[in-house]
Amino acid sequence: MIRQKIVAGNWKMNGSKETVSSLVEGLLKMDTSNSEVVVSPSFPYLSQVSDALSASAIQVAAQNVSDQAKGAFTGEVSASMLKEFAVKYVLVGHSERRSLYAESDAFIASKVKLLLEEGLSPMLCIGETLAEREAEQTLVVCQRQVQAVIDLVGIEAFENIVIAYEPVWAIGTGLSASAEQAQEVHSAIRQFLAELSQTVAEKVQILYGGSVKASTSSALFEMPDVDGALVGGASLDAEEFIAIVKAAG
Ligand code: PEP
């Protein structure tokens, strides 16, 4: 099955009104006809970025969402609020949230459930730490993280979920997984899903994330189970990000 590639930029907690505006201006020059392009600004810039991209094919993602629908949750942002800003995707389970903010598998699954109820698409980030890889626990960890979501929303819900395999040791370190390492894990995740639904497994887009650069992206995109990339640092540079989008086809 041919799956459309997605190239998503995670801007993390970076930018200002001015730099966001010039980044978007740079991105608007790109050809988006071959893959789906997504950018993920911080909450305060969602409105600005959504408006600036409204006439383009570039989609907007949010970096986080509350696990609650509404109410007395000071500082939180709900899925229904995000919808008002033409957000299509929401990152959930990013390793920075799992490790720095102690988000558990079950908590992440509850965010996925709320997003799906609002018609938003979760980008579910999974991945092992270096210690887990060295202990040969990579697949066990990834399967556990996916299973927590399946337990709450069921396998069919994965028709509307994008998975991002992001080995923690590769995020922001400059140490990208090799294309072969990424393929091995992507293929195993797909097989794991296939045990429950062959149809879902064939459809689900699995992105790779972790120090992706233009120079490493072509080899990754050649892998049959790598359906795109979630790009952190390199997505803050319009030229570099556009080169990654080009490499995706
Ligand atoms: C990320 O934060 O999702 C990420 C992949 O970051 P980087 O590309 O900077 O490693």
Side-chain angles (χ1 to χ4, degrees), residues 5-15 19-20 23 27 35-43 45-46 49 58-65 87-103 108 111-112 115 121-130 132-133 138 141-142 145-146 161-179 181-183 185-186 189 205-221 223 225-248:
K5 289 214 171 27
I6 300 176
V7 180
N10 173 12
W11 295 351
K12 310 197 188 192
M13 197 173 70
N14 291 299
T19 62
V20 161
L23 181 52
L27 296 180
S35 34
E36 183 171 20
V37 180
V38 183
V39 294
S40 181
S42 291
F43 287 139
Y45 307 121
L46 274 178
V49 172
I58 303 175
Q59 299 291 340
V60 177
Q63 295 177 19
N64 194 15
V65 67
V87 163
K88 177 173 180 186
Y89 295 102
V90 180
L91 303 184
V92 284
H94 192 283
S95 67
E96 287 153 16
R97 305 263 358 141
R98 290 182 190 265
S99 65
L100 302 173
Y101 301 96
E103 293 194 3
I108 289 157
K111 292 185 180 197
V112 168
L115 288 171
S121 299
M123 267 192 191
L124 172 67
C125 305
I126 60 170
E128 81 289 1
T129 62
L130 185 57
E132 288 163 343
R133 173 161 281 259
T138 297
V141 171
C142 291
Q145 292 171 339
V146 171
I161 295 173
V162 171
I163 296 176
Y165 168 57
E166 299 207 301
V168 180
W169 48 272
I171 297 180
T173 58
L175 278 181
S176 178
S178 67
Q181 281 173 319
Q183 169 59 24
V185 180
H186 285 222
I189 296 166
Q205 289 150 302
I206 308 179
L207 316 185
Y208 167 77
S211 297
V212 173
K213 297 188 243 5
S215 57
T216 54
S217 56
S218 307
L220 285 162
F221 295 149
M223 296 292 134
D225 288 295
V226 176
D227 306 314
L230 179 54
V231 185
S235 70
L236 294 168
D237 178 328
E239 264 182 45
E240 183 77 10
F241 188 64
I242 291 172
I244 297 169
V245 171
K246 251 194 206 146

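For the single chain, residues carry numbers from 1 onward in sequence order. Atoms within a ligand are numbered from 1 in the order they appear, just like the ligands themselves. Source: prediction; values computed, not measured.
- One finds the CD atom of Q183 at 9.0 Å from the CD1 atom of I206 (value rounded to the nearest 0.5 Å).
- Here the shortest heavy-atom distance to atom 4 (C) of ligand 1, taken over G232, A164, S95, belongs to G232.
- In terms of N/O distances under 3.5 Å, ligand 1 is not approached by T173.
- Taking the six-membered ring where the residue is Trp, Y165 and H186 present perpendicular rings, their angle passing 60° and hence far from 30°.
- Remark: minimum distance from atom 9 (O) of ligand 1 to any protein heavy atom is reached at G233 N, 2.8 Å.
- Take S95 and apply the side chain to side chain contact (heavy atoms under 4.5 Å, CB included) test, not counting sequence neighbours, and it matches V168, I171.
- In the vicinity of G210, heavy-atom distances shorter than 4.0 Å reach the ligand 1 atoms 5 (C), 10 (O).
- A distance of 5.0 Å separates CG in N10 from OG in S40, rounded to the nearest 0.5 Å.
- Close contacts of ligand 1 with A170, meaning ligand atoms under 4.0 Å from a residue heavy atom, involve 10 (O).
- In this structure, OG1 on T19 lies 8.5 Å from CH2 on W11, to the nearest 0.5 angstrom.
- Residue C125 does not touch ligand 1, judged by heavy-atom distances below 4.0 Å.
- Between M13 and S42, the shortest heavy-atom distance links the atoms CA-OG, 3.7 Å.
- In I171, the parts holding a heavy atom less than 4.0 Å from any atom of ligand 1 are both the side chain and the backbone.
- Regarding atom 1 (C) of ligand 1, its nearest protein heavy-atom neighbour is H94 NE2, 3.2 Å.
- Between atom CG of residue L220 and atom CG of residue D227 there is a gap of 12.0 Å, rounded to the nearest 0.5 Å.
- Crowding of K213 atom NZ: a count of heavy atoms from other residues, nucleotides or ligands under 6.0 Å exceeding 12.
- When each atom of ligand 1 is checked for a heavy atom of G172 under 4.0 Å away, the hits are 7 (P), 9 (O), 10 (O).
- Not a single heavy atom of A234 sits less than 4.0 Å from an atom of ligand 1.
- Ranking the protein heavy atoms by distance from atom 3 (O) of ligand 1 puts E166 OE2, 2.8 Å first.
- Each of the following atoms of ligand 1 lies closer than 4.0 Å to a heavy atom of S211: 7 (P), 8 (O), 10 (O).
- Close approach of ligand 1 to N10 is summarised as follows: ligand atoms under 4.0 Å from at least one heavy atom of the residue are 1 (C), 2 (O), 3 (O).
- The pair E36-K88 meets the salt-bridge criterion, since a charged nitrogen lies less than 4.0 angstrom from a carboxylate oxygen.
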